[in-house]
> 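Quick one: this structure, given as structure tokens, is what I'll be asking you about.
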Amino acid sequence: MDIIVKPNYEEMSKCAAEIIAGFIRSKPDCVLGLATGSTPIGTYRELIRMHKEEGLDFSQVRTFNLDEYLGVGMDLSKPYEQDQSYARFMYEELFKHINIKKENIHIPDGLTKEPKKFCEWYEDEIKKAGGIDLQLLGIGRDGHWAFNEPGSSLASRTRVQALTKQTLDDNYESFYKKAGIKREDMPHFAITMGIGTILEARNILMLANGIKKADVVAKCIEGPVTSQITASAIQLYGGGATVVLDEEAASKLKNLEYYKHVEKMKRDYGF
Ligand code: PGA
């Protein structure tokens with residue numbers, strides 16, 4: 001696992017965008033697994049800048065998003081702040097600003113009438129695309145990857161998941177409150193890729209920033225592998241996992257100085 005610590009959110013976001021852009025440049029039709037939430041917004045802004053100023057080309061890129069609230073779909077008749085679908089988030093924060101083709105975008109359908117069938121179909125589509133080259137991930141304060149809440153099997157597949165109080169509280173504060181939507185009216189279920197699905201990606205890029213994430217980041221990277229912190233599955237991951245943190249999110253890592261030393265050695269000696 002490569003752990004990169006940057007001084008702040010902006011530098012973390014630039015570093016993540018550079019890694020993603022590297023995949024796109026070396027494989028223009030790469031399959032990206034994308035994430036929502038407040039963490040990747042800066043990364044998406046930097047990718048948009050690279051597209052506009054440096055010609056980063058998304059025309060062949062294919063994407064699969066991690067998750068979507070159940071019962072919610074993109075509704076362009078509403079203002080962005082009232083439409084809390086992850087589809088809308090992706091459209092506003094990334095897709096509408098770049099030259100990605102609509103048919104290459106995949107986001108779980110929160111309005112599906114047959115969630116179980118849909119989840120199977122989504123897994124098949126990922127396989128048909130040849131699997132995910134790079135999966136971008138945040139981490140929830142309850143340790144989740146996507147909406148794999150505590151207790152989710154580390155072998156889980158795409159499915160419907162009930163959300164924890166912690167996740168509902170956090171997403172209420174970050175997104176729903178400013179939309180004037182009552183906490184009790186938030187969706188309590190989501191469709192999410194499973195941990196087993198995520199671990200099949202050929203590369204993983206996990207981001208975390210801010211002091212609120214420091215405890216869970218330390219548990220995820222240095223604590224036991226446990227279904228109570230589903231992101232701790234990163235320790236089982238056999239591909240190339242890169243974790244980019246800001247100083248605050250990294251601040252509770254016991255071996256922080258060692259990780260910084262390793263990162264410097266890698267930069268200096270190129271191994
Ligand atoms: P956040 O969510 O980026 O809004 O903190 C992260 C996550 O839940 O994975």
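Start at 1 and go down the list; that is how both ligands and their atoms are numbered. These numbers come from the heavy atoms of this one structure, side chains and all, not from hydrogens, waters or symmetry mates. Source: prediction; values computed, not measured.
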> Side-chain donor-acceptor pairs under 3.5 Å in residues 28-42, sequence neighbours left out?
none

> One thing to verify: whether D57 and R25 come together as a salt bridge, which I'm taking to mean a side-chain N less than 4.0 angstrom from a carboxylate O.
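No, this pair does not count.
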
> Using heavy atoms and a cut-off under 4.0 Å, could you grab the residues that are in contact with ligand 1, chain by chain, numbers ascending?
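Its neighbours under 4.0 Å (heavy atoms only) are G37, S38, T39, G138, I139, G140, H144, K213, given by chain and number.
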
> Is a salt bridge present between D83 and K78, judged by a nitrogen-to-oxygen distance below 4.0 Å?
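Judged by the 4.0 Å cut-off on N to carboxylate O distance, D83 and K78 do not form a salt bridge.
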
> Just checking, is any N or O donor in the side chain of R183 or N171 under 3.5 Å from an acceptor N or O on the other one?
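No, no side-chain donor-acceptor pair sits under 3.5 Å.
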
> Walk me through whether N203 and D133 qualify under side-chain hydrogen bond (donor to acceptor under 3.5 Å, both in side chains).
CA-CA 6 Å; N203 294 273; D133 290 302; over 6 Å; no

> Within the side chain of E149, is there an N or O that forms a donor-acceptor pair under 3.5 Å with the backbone of H144?
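Absent.
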
